[in-house]
Undergrad: 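Got a structure here, written out as structure tokens. Questions coming.
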Amino acid sequence: MLVKTFGSAVSGIDAYTVTIEVSVTVGIKIFIVGLPDKAVEESQQRIESAIRYNKWTWPGRKIVINMAPADIRKEGTAYDLPIAIGILASTEQISAERLHSYIIMGELSLDGSILPVKGILPMAIKAKEEGFEGCILPAQNAAEAAVVEGIKIYGAHNLNEVAQFLNTGEGIEPTVIDVDSAFNAGISSFPFDFSEVKGQENVKRALEIAAAGGHNILLIGAPGSGKSMMAKRLPSILPPLTKAEALETTKIHSVAGKLKGSTSLLTQRPFRSPHHTISDVALVGGGSFPQPGEISLAHNGVLFLDELPEFKRTVLEVLRQPLEDRTISISRSKFAVEYPASFMLVASMNPCPCGYYNHPDRHCTCAPGAVQKYLGRISGPLLDRIDLHIEVVPVPFNKLAEVQNSDTPIESSAAIRERVVKARAIQSRRYAPYQGIHCNAQMTPALLQKFAQPDDAGREMLRKAMEKFGLSARAYDRILRVARSIADLDASEYIQRQHIQEAIAYRTLDRSSWGN
């Protein structure tokens, strides 16, 4: 008897339906065709053990399993459950009447328990799009899939539960998630807050501007000055995720297998901080079986690169294209996948190898030219994509003591975030007619010419600054972008002199005097 079950496969962060045809006829052996990988081929032993352990009959005949479309490689252990159900239905041990209504996915253990798999969220989205009534999935993945409205999600613990459900329609209750409550409960809860940071008002201001315009930022300072501490607090002042952003971000983490069992929907912007020993493949994604890299896991959030010059040059150079295009394409001989990579780059570095160049109290012990050589580990094209360079000076003890003993409360992340959200709302209205442009950091040259022109006083100040500090031509556009964000924070329609003045202060590395 020939029966069909339906599963799903993931390409990039999207899924497509896989039809699993099972035919049991006269003969011996089991054949799995349709371009399966090694994990799918090895499923025979897991499926046979699970069927026998649960007192079902393993057919002593020829079993042919075809996975269509046959020209696309099928990977992973998630096809164990639909294949097992197909074998039981083909031998008439369970009813095949309702198989056409469900996407079925899950890995089987030898005793028939169903284990969780990766990529469930895009599979559930695809099932809804194609009109399936529901999905039968591992119980550990049910909450993840249940955020998709308009389709029933059944979380099963073992093979017998699935068989009973297909026979009778009973035994498994659909998983229901109150998406709005779960989303609203998590969007304002953060482990770190700027109210815990004493001093460093200029750095807080720079991070606020970066958050308001979606700008990349580089923090330069001595060890212990607070660069990493403040970078970790940046997500607390970024605008809350929209539901569409949360769903897209969760899809990426689902495909990468990074979701925790109890997590149904990511409600906070991701903060990824890879170690400087990371490989270029781990950063941008790829591998024999392509997976999202750190830049995609940071999509709609922050990618923090601590000790930037310590990263390998090849690793840093692969960032250039994703920073510009906000996507990453991974090509292989027979296929190509594309992952989104729209993130804020936050990097930190010491000013020199010893770490104390420009330190107010300690002397730099580096040899002449060492500062420029150290900075030279970061290429000009990469620095060109970083809008703000801010020097972080350690807070002296007397200042710390003064703040500690003061009755004046330190401004919280919530207060800063309120200003950032208002500035982003201005930008959303401004760029509404322009597809793919959402914030000032994404402005094209044409939009820069239209929306980021200073008044006469500001233009004159910018001219003098470029001559006095030896600013490069590439700094010109960056200053205007940052000035536009500062003006938005002031709710000013036009870029004024004071906005240009503050933006110039955030181009530390463009000054010809730096490191000399």
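All residue numbers in this chain count up from 1 along the given sequence.
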Undergrad: Could you pull out the closest heavy-atom pair between V315 and S279, with the gap in Å?
TA: CG2-C, 3.9 Å
Undergrad: Distance check, rounded to the nearest 0.5 Å: Q449 atom CD versus D477 atom CG?
TA: 9.5 Å
Undergrad: Out of curiosity, H299 NE2 to Y339 OH, how far, rounded to the nearest 0.5 Å?
TA: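 That separation rounds to 13.5 Å.
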Undergrad: How far does CD of E208 sit from CD1 of I416, to the nearest 0.5 angstrom?
TA: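 One gets 6.0 Å once the value is rounded to the nearest 0.5 Å.
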Undergrad: For the CD1 atom of I504 and the NZ atom of K464, what is their distance to the nearest 0.5 Å?
TA: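 Rounded to the nearest 0.5 Å, the CD1-NZ separation comes to 11.0 Å.
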Undergrad: Donor-acceptor check, side chain of S8 to backbone of Y16, threshold 3.5 angstrom: yes or no?
TA: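 Yes, S8 side chain to Y16 backbone: donor-acceptor pair under 3.5 Å.
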Undergrad: Is there side-chain contact between V421 and P240, with at least one heavy-atom pair below 4.5 Å?
TA: yes
Undergrad: Can a donor-acceptor pair be found, under 3.5 Å and without considering hydrogens, that links the side chain of S296 to the backbone of P340?
TA: yes
Undergrad: Given 3.5 Å as the limit, does a donor-acceptor pair link the side chain of R385 with the main chain of N216, or not?
TA: no
Undergrad: What's the spacing between C354 SG and H363 NE2 if we round to 0.5 Å?
TA: 11.5 Å
Undergrad: For a quick check under 3.5 Å, do D280 and T314 share a side-chain donor-acceptor pair by atom type?
TA: no
Undergrad: Would you check if there is a donor-acceptor pair between the side chains of D490 and H499 at a distance under 3.5 Å?
TA: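 Present: a donor and an acceptor within the cut-off.
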Undergrad: Are any side-chain N or O atoms of R497 and backbone N or O atoms of A457, one a donor and one an acceptor, separated by less than 3.5 Å?
TA: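 Side chain of R497 to backbone of A457: no pair is present.
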Undergrad: Does CD in E493 sit with more than 12 non-hydrogen atoms of other residues, nucleotides or ligands closer than 6.0 Å?
TA: no
Undergrad: Given D488, which partner from the list R424, K422, R430 fulfils the salt bridge (charged side-chain N to carboxylate O under 4.0 Å, His left out) test?
TA: R430
Undergrad: Hey, is the main chain of A222 close enough, under 3.5 Å, to the side chain of K227 for a donor-acceptor pair?
TA: yes
Undergrad: Looking only at non-hydrogen atoms, find the nearest pair between R205 and L489 and report the distance.
TA: NH1-CD1, 3.9 Å
Undergrad: Regarding E411 and S195, do their side chains bring together a donor and an acceptor under 3.5 Å, going by distance alone?
TA: no
Undergrad: Is it true that the side chains of Q427 and H438 contain a donor and an acceptor less than 3.5 Å apart?
TA: no
Undergrad: Before you tell me yes or no, could you show the steps for N440 and Y431 under side chain to side chain donor-acceptor pair (under 3.5 Å), namely the whole-Å CA-CA distance, both residues' side-chain angles and the distance that decides it to 0.1 Å?
TA: CA-CA 9 Å; N440 291 329; Y431 304 125; 2.6 Å; yes
Undergrad: Establish, for the pair R233 and F194, whether the NZ or CZ atom is under 6.0 angstrom from the six-membered ring centre and no further than 45 degrees off its axis.
TA: no
Undergrad: Quick check against the 3.5 Å criterion: does E107 have a side-chain atom that pairs as donor or acceptor with the backbone of A78?
TA: no
Undergrad: Using every non-hydrogen atom in the two residues, find where I13 and E248 come nearest and quote the distance to one decimal.
TA: CD1-CG, 4.5 Å
Undergrad: Classify the side-chain pair D193/S236 by whether it contains a donor and acceptor separated by less than 3.5 Å.
TA: no
Undergrad: Nearest 0.5 Å, what's the CZ-CG distance between F343 and L319?
TA: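 These two atoms lie 5.5 Å from each other.
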Undergrad: Do you know the tightest heavy-atom contact between A483 and I495?
TA: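 For A483 versus I495, the nearest heavy atoms are CB-CG2, 3.8 Å.
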Undergrad: Is K468 reaching over with its side chain to a backbone N or O of M466, donor-acceptor style, under 3.5 angstrom?
TA: no
Undergrad: Can you tell me if Q200 uses its side chain to pair, donor with acceptor, with the backbone of S225 under 3.5 Å?
TA: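 Looks like yes, one N/O pair under 3.5 Å.
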Undergrad: Would you indicate whether R326, at its atom CZ, is surrounded by more than 12 heavy atoms from other residues, nucleotides or ligands within a distance under 6.0 Å?
TA: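 For R326, atom CZ is crowded (more than 12 foreign heavy atoms under 6.0 Å).
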Undergrad: Quiz question: by atom type and distance under 3.5 Å, do the side chains of E317 and S379 form a donor-acceptor pair?
TA: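 Judged by distance alone, the side chains do pair up.
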Undergrad: Testing the basics here: between Q140 and I114, what is the closest heavy-atom pair and its distance to 0.1 Å?
TA: OE1-O, 3.7 Å
Undergrad: Other residues, nucleotides and ligands only: do more than 12 of their heavy atoms fall within 6.0 Å of CZ on R362?
TA: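 Not buried by this count: 12 neighbours or fewer within 6.0 Å.
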Undergrad: Does K251 reach the main-chain N or O of G119 with its side chain, forming a donor-acceptor pair under 3.5 Å?
TA: no
Undergrad: Can any side-chain N or O of R481 pair as donor or acceptor with the backbone N or O of M443 at less than 3.5 Å?
TA: yes
Undergrad: Return the minimal non-hydrogen interatomic distance between A487 and Y494, and the atom names on each side.
TA: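 Heavy atoms of A487 and Y494 come nearest at CB-O, 4.0 Å.
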Undergrad: I would like to know whether E307 and S348 meet side chain to side chain donor-acceptor pair (under 3.5 Å); could you show each step before the answer?
TA: CA-CA 5 Å; E307 303 299 341; S348 72; 5.3 Å; no
